[in-house]
Amino acid sequence: MGRKVTVATCSLNQWALDFEGNCERILRSIEEAKAHGAKYRLGPELEIWPIMHHNVRYNCRVLFLNRKILLIRPKMMMANHGNYREVRWFSPWNKLRSVEEYFLPRMIQEVTGQDTVPFGDCVLSTKDTCIGTEICAELWNPDSPHIQMGRDGVEIFTNSSASHHELRKADQRVNLIKSATTKSGGIYLYANQRGCDGDRVYYDGCAMVAINGDVVAQGAQFSLDDVEVITATLDLEDVRSYRGELCQPQLESEFKPCHRVKVDFSLSGCDDVYLPTHQPIEWHFHTPEEEISLGPACWLWDYLRRSGQAGFLLPLSGGVDSSSTACIVHCMCVLLCRAVEGGNSRVLEDVRRVVGDESYHPQDPKELCARVFTTCYMASENSSEDTRNRARDLANQIGSTHMNINIDMAVKGILGIFSAVSGRWPQFRASGGSRRENLALQNVQARVRMVLAYLFAQLSLWARGRPGGLLVLGSANVDESLTGYFTKYDCSSADINPIGGISKTDLKCFLLHCAKQLQLTALRSILAAPPTAELEPLTDGRVSQTDEADMGMTYSELSVIGRLRKISKCGPFSMFCKLIHTWKDALSPSEVAQKVKRFFRMYSVNRHKMTTVTPSYHAESYSPDDNRFDLRPFLYNASWSWQFRCIDDQVSIIAFLSRSE
């Protein structure tokens with residue numbers, strides 16, 4: 001009957017400037033799509049390169065068939081917020097419904113035999129349907145191109161995307177695509193980049209096909225496969241029946257129809273009566289805990305295998321943050337063993353190269369962990385036996401090669417140098433020292449740990465008779481970065497940090513997930529212990545310093561404050577006005593005022609730390625990452641005199657009104 005079409009979309013783990021590897025992955029996806037009977041294959045955004053037209057650089061999709069370029073469609077709506085600064089590299093195509101001639105480079109002319117091809121806002125008209133293009137951010141725009149294309153008869157929408165992972169974001173993407181085809185019917189193909197493209201974000205796949213508001217084919221969100229192709233067979237008559245019921249004729253006098261590029265080709269065959277079509281499926285969304293166990297783990301593996309290093313080193317303190325980083329590495333090893341067991345030869349090849357053993361065949365995650373992961377507990381005179389034991393027990397359960405290091409000798413040596421020059425020896429607050437002395441003594445311990453971490457990362461494998469070096473992993477969470485509650489150039493300074501975009505609250509839930517799913521029972525005592533830096537003297541052998549006491553607020557409160565600062569764009573006064581209602585059952589207005597003012601003092605005084613913070617996995621929409629996501633000044637007027645005065649005035653008014661009631 002000639003109405004059923006088989007289409008393919010994919011997720012590719014492309015890598016900037018890896019021309020040969022990128023080409024191989026593209027060709028492999030085309031071969032797989034053809035092998036599954038697809039007549040149309042869609043790939044992710046920028047899977048090859050941009051295009052210069054009239055000396056202007058555009059981000060484009062190139063549609064081609066049998067060695068002929070059919071059309072070039074430039075991106076019209078740029079991603080220019082958050083992680084993206086697309087207008088730095090490309091210009092948007094602002095000529096709605098306009099098409100021009102594009103003169104092909106000579107090397108392309110020799111391949112296609114064409115001199116010019118259509119370039120602009122156009123769609124492809126085959127003998128049996130019409131195909132339109134969206135590119136990544138255009139789907140998220142309130143005036144998405146698919147709206148007008150659908151009203152002009154386009155039946156198949158395609159979206160080539162490079163959309164990064166964020167916790168709890170996948171449902172937004174799926175709902176947008178379902179909504180796009182619910183309103184006016186149609187088939188929607190979504191392709192996405194996958195993996196770490198050498199940056200702070202992880203592209204999380206999720207290739208899919210939807211029709212008339214239902215998803216009928218779904219790719220993996222997280223995977224170690226460099227190429228994933230999904231196909232679906234759909235009935236064009238289902239689109240036409242759906243639209244015939246819902247859609248009205250185009251009545252606007254100013255309506256401009258899409259420019260159609262006609263091609264003598266059909267997506268459907270003649271004899272398709274017995275060809276089954278794909279039916280709606282229920283999308284499985286990962287929980288945030290599962291996302292943390294998968295996304296950062298895949299990101300770490302991409303970084304490790306592409307960096308040429310031989311593994312990771314982590315200062316493991318026995319607290320929630322460093323334990324979370326350790327568990328993510330263990331999750332990476334679990335994924336690698338599963339991939340090898342499933343027959344992924346490329347993963348096996350990469351694992352053998354990383355461990356330096358061409359005959360190695362990983363089967364046990366703990367055994368693999370021992371080869372690629374080194375942990376070390378860096379004790380000082382302020383460390384407790386409890387944290388030492390917790391670090392040791394977790395290392396034993398995940399299988400890392402673990403070391404105990406005492407840093408007291410190095411700390412005393414550095415302080416001895418200062419004393420020899422100044423004639424003074426600083427004291428902790430507990431021994432009568434000033435606040436400045438107390439802070440300096442904490443910082444020197446933290447910075448010694450960073451220096452030793454890099455020393456052991458460079459020489460640990462050498463000492464064991466193995467080649468290569470180790471990447472140092474950081475373990476500062478997003479809330480600590482937000483307040484600056486860490487020492488500049490301490491163990492938060494590392495090569496990469498898989499948890500730098502994740503809140504303490506989510507990390508605790510993740511560790512509970514690992515305790516249950518991976519039987520890491522050592523995590524239960526870690527979760528039960530109060531978070532502490534262990535940089536001040538112990539009291540009767542017990543920890544006297546806790547993070548939340550130092551910060552003057554809980555981690556859950558910090559998460560709320562962080563979202564108000566970044567997402568709601570709140571300053572001190574507007575944040576106070578919101579929180580007196582949000583926290584009214586727990587805190588008085590004066591207590592809210594105290595927390596808001598304390599936060600903004602810490603945030604402004606410590607903002608400079610974000611200019612040197614370790615590159616972190618982006619996972620949270622309120623991340624304070626200064627490199628690209630949260631571009632702010634790093635020198636503030638930390639007194640906030642006008643804003644704090646407004647808060648104090650409002651507290652006085654509220655107190656007066658309360659007394660008058």
Side-chain angles (χ1 to χ4, degrees), residues 167-168 288 320 429 434-435 438-439 477-486 502-509 527-533 536 539 543-610 620-624 630 632-661:
L167 293 176
R168 307 171 179 88
V320 166
R429 180 169 46 196
S434 65
R435 180 182 179 277
N438 196 68
L439 185 59
N477 63 63
V478 71
D479 300 319
E480 290 171 345
S481 296
L482 187 61
T483 58
Y485 183 69
F486 61 91
I502 306 174
S503 71
K504 181 77 105 179
T505 302
D506 281 337
L507 290 175
K508 288 182 176 179
C509 294
L527 285 165
T532 175
E536 295 189 47
T539 301
V543 170
S544 60
Q545 176 190 29
T546 64
D547 295 352
E548 294 183 337
D550 281 355
M551 292 188 297
M553 60 196 76
T554 66
Y555 280 105
S556 59
E557 289 170 343
L558 259 181
S559 293
V560 175
I561 287 173
R563 288 182 170 85
L564 289 176
R565 180 202 70 96
K566 174 65 177 176
I567 301 172
S568 300
K569 308 296 188 291
C570 287
F573 183 69
S574 57
M575 184 180 293
F576 166 78
C577 292
K578 288 180 180 293
L579 289 178
I580 56 174
H581 301 290
T582 305
W583 291 344
K584 64 181 180 180
D585 295 331
L587 299 171
S588 67
S590 61
E591 290 172 324
V592 172
Q594 183 180 3
K595 286 182 182 291
V596 169
K597 289 192 287 186
R598 181 170 178 81
F599 165 76
F600 274 98
R601 285 195 192 98
M602 293 176 66
Y603 165 74
S604 54
V605 168
N606 292 320
R607 181 66 192 184
H608 66 94
K609 296 180 181 179
M610 294 310 299
E620 187 55 77
S621 56
Y622 69 92
S623 168
D630 188 42
R632 309 261 182 143
F634 55 87
L635 178 62
Y636 279 89
N637 181 348
S639 67
W640 302 90
S641 55
W642 185 84
Q643 294 93 331
F644 287 1
R645 188 164 61 248
C646 290
I647 292 175
D648 292 338
D649 291 345
Q650 197 62 41
V651 169
S652 299
I653 292 172
I654 294 172
F656 174 77
L657 293 175
S658 298
R659 289 193 299 269
S660 301
E661 291 178 354

Handout entry: Minimum side-chain heavy-atom gap Ile561-Leu579 below 4.5 Å
Key = yes

Problem - Which atom of Leu558 lies closest to which atom of Leu482, heavy atoms considered - result: O-CD2, 4.0 Å

Exercise for the section: Could you tell me whether the side chain of Arg598 and the main chain of Met551 form a donor-acceptor pair under 3.5 Å? Expected result: yes

Exercise for the section: Using modelled atom types only, decide if a donor and an acceptor are shared between the side chain of Glu620 and the backbone of Leu167 within a distance under 3.5 Å. Expected result: no

Practice task
Just say parallel, tilted or perpendicular for the rings of Phe600 and Tyr603, cut-offs at 30° and 60°.
Solution key: perpendicular

Practice task
Examine distances only and state if a side-chain atom of Lys609 and a backbone atom of Phe486 form a donor-acceptor pair shorter than 3.5 Å.
Solution key: yes

Handout entry: Worked verdict on Ser503 versus Thr505 for side chain to side chain donor-acceptor pair (under 3.5 Å)
Key = CA-CA 5 Å; Ser503 71; Thr505 302; 4.6 Å; no

Handout entry: Pro633 side chain reached by Arg607 side chain, heavy atoms, under 4.5 Å
Key = no

Problem - Side chains of Tyr622 and Asp479, donor plus acceptor under 3.5 Å - result: yes

Handout entry: Heavy atoms of other groups near Arg563 CZ, more than 12 under 6.0 Å
Key = yes

Practice task
Find out whether Ser621 and Lys566 are in side-chain contact, i.e. whether some heavy atom of one side chain is under 4.5 Å from a heavy atom of the other.
Solution key: no

Problem - Separation of Cys509 SG from Ile502 CD1 (nearest 0.5 Å) - result: 11.5 Å

Exercise for the section: Assess whether atom NZ of Lys578 is packed by more than 12 heavy atoms of other residues, nucleotides or ligands within 6.0 Å. Expected result: no

Exercise for the section: With rounding to the nearest 0.5 Å, note down the distance linking OG1 in Thr483 to CE in Met602. Expected result: 4.0 Å

Problem - Heavy atoms from other residues, nucleotides or ligands near CG of Leu635 exceed 12 (cutoff 6.0 Å) - result: no

Handout entry: 4.5 Å side-chain heavy-atom contact, Phe573 and Gln650
Key = yes

Exercise for the section: Would you indicate whether the side-chain heavy atoms of Glu480 and Tyr555 approach each other to under 4.5 Å? Expected result: yes

Practice task
Using modelled atom types only, decide if a donor and an acceptor are shared between the side chain of Ser574 and the backbone of Cys570 within a distance under 3.5 Å.
Solution key: no

Exercise for the section: Could you pull out all residues at least two apart from Glu557 that satisfy side chain to side chain contact (heavy atoms under 4.5 Å, CB included)? Expected result: Met553, Thr554, Trp583, Leu587, Lys595

Handout entry: Sub-4.5 Å side-chain heavy-atom contact between Arg565 and Pro624
Key = yes

Handout entry: Nearest heavy-atom neighbours spanning Ile647 and Ala593
Key = CG2-CB, 3.5 Å

